[in-house]
Enquirer: 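Handing you this structure, nothing more for now.
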2 protein chains.
Amino acid sequence: MARPPKENSPITEHLAYLLAQANREINRQLEVRLSKEGVPVEQWRILKVLSDGDGHSMGELAEAVLLNHPTLTKMIDRMVSDTLVYRAQDPRDRRKVLMFISNRGESLCRRLDSLAASQEEHVLESYGDKATNELKRLLENLIDSSN
Amino acid sequence: MARPPKENSPITEHLAYLLAQANREINRQLEVRLSKEGVPVEQWRILKVLSDGDGHSMGELAEAVLLNHPTLTKMIDRMVSDTLVYRAQDPRDRRKVLMFISNRGESLCRRLDSLAASQEEHVLESYGDKATNELKRLLENLIDSSN
DNA sequence: CTTCAATTGTTGAATATTCAATATTTTCAA
DNA sequence: TTGAAAATATTGAATATTCAACAATTGAAG
């Protein structure tokens, strides 16, 4: 007796699953490093975005750091308490709030950058230079093609 | 006056960020499809893993579907209420609970599979066959190299 | 101008996740 | 065989996230 004609593909072959798995693993590695400074990955992202010194609105930030608005608001509240960032009203559009990084935030960000760099180096070593760059390229294209 | 010697790489160039971004986008697309059946992505994963008909322990399941134990326990509680899956004690090791998929779960899983398939097709169309397969291959290698 | 819809950010309640503690069973050394 | 340590799953409290409602400001049509 023949098997059913078309076996359904296991979850491990789905792109969505592979992305989730890879993301979790890399994120976990990064968390371990950043925990040396007691900072969650999302806060590092926020500091990085604000590092350009320009003011960024909450909406802009939320999009850039992959958080939705209310979650970002509450995380920013904590970071303001820690004096890592500060708020200012946008003079051109008073609905908006502009976020800026503080000196303390900048200095923390530099320390975080070197922790993150050590993580990237670890990937380069175990996964290879060529594969890493190729993967980055493909991910960028995937993201572009989704907009 | 010269610029500072080494510009720090923006967040958008970090592998961890690209993975998070791609994962969020693909996951979002998948959520939209699965919401037709009112099912979160994690439940689809659970049903897929249990589709082999074998019993899977909670620990095994948690690892496979990328959830930690307590979260999985609570999600399984809901799925048991919905009679999509059921528990049985492992006769060989009575600490363990074996999870099985029900008939209702199987039939839901088939409907979900076709929703998920339409999502993968959408990716193939906008991103291309070759790039998709290459990306999958690289992701698998990255995951392997992290263990 | 004035009014109404759209945009932006925050808040509070509802929901979900996580951490630490617990209960049960197994393993293994003495 | 017994007792201590490890493995497994669940629970409840603490924490975080999300959804829906709100307040403030701007834009734009009449």
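Order of the sequence lines fixes the chain letters, A, B, ..., with proteins taken first and strands second; residue numbering starts at 1 for each chain. Bear in mind the structure is a predicted one, so any value in this text is a computation, not a measurement.
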Enquirer: Taking the side chain of Arg87(A) as heavy atoms from C-beta outward, which of dT10(C), dT25(C), dT18(C) is closest to it?
Expert: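 The listed nucleotide nearest to Arg87(A)'s side chain is dT10(C).
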
Enquirer: Please determine, for the side chain of Thr71(B), which listed nucleotide (dT26(C), dT18(C), dT10(C)) has the closest atom?
Expert: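 The answer is dT18(C).
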
Enquirer: Indicate yes or no: does Arg95(A) engage Asp90(A) in a salt bridge with an N to O separation below 4.0 Å.
Expert: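 Looking at Asp90(A) together with Arg95(A), the answer is no, because their closest N to O distance does not fall below 4.0 Å.
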
Enquirer: Nearest-Å distance, NZ (Lys74(B)) to P (dT15(C))?
Expert: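 Value for this atom pair: 15 Å.
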
Enquirer: For dT24(C), does the base pair up with any side-chain atom of Arg95(B) as donor and acceptor (N or O, under 3.5 Å, distance only)?
Expert: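 When only heavy-atom distances are counted, Arg95(B) does not reach the base of dT24(C) through any donor-acceptor pair under 3.5 Å.
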
Enquirer: Rounded at 0.5 Å granularity, tell me how far CD in Glu134(B) sits from CG in Leu135(A).
Expert: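 Interatomic distance, Glu134(B) CD to Leu135(A) CG, rounded to 0.5 Å: 9.5 Å.
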
Enquirer: Take atom CG of Leu72(B) and atom P of dA16(C), then tell me their distance rounded to the nearest Å.
Expert: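 It is 15 Å, rounded to the nearest whole Å.
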
Enquirer: Whether the side chain of Lys96(B) and the base of dT26(C) hold a donor-acceptor pair under 3.5 Å is what I'd like checked.
Expert: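 Checked by distance alone, the answer is no.
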
Enquirer: Just compare dA9(D), dG9(C), dT17(C) and give me whichever is closest to any side-chain atom of Arg78(B).
Expert: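 Closest nucleotide to the Arg78(B) side chain: dT17(C).
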
Enquirer: Measure across Tyr86(B) and Met99(B) and return the closest heavy-atom pair with its distance rounded to 0.1 Å.
Expert: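 Looking at all heavy atoms of both residues, the closest pair is O-CE, 3.4 Å.
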
Enquirer: Send over the distance from Arg94(B) CZ to dA23(C) P, rounded to a whole Å.
Expert: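 These atoms are roughly 18 Å apart.
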
Enquirer: Of the options dT11(C), dT18(C), dA9(D), whose atoms approach the side-chain atoms of Ser57(B) most closely?
Expert: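 Nearest nucleotide to the side chain: dA9(D).
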
Enquirer: Please pick, from dT18(C), dT11(C), dG9(C), the nucleotide with the shortest atom-to-atom distance to any side-chain atom of Val97(A).
Expert: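 Selected nucleotide: dG9(C).
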
Enquirer: Are Asp82(A) and Arg104(A) within salt-bridge range, i.e. N to O under 4.0 Å?
Expert: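 Judged by the 4.0 Å cut-off on N to carboxylate O distance, Asp82(A) and Arg104(A) do not form a salt bridge.
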
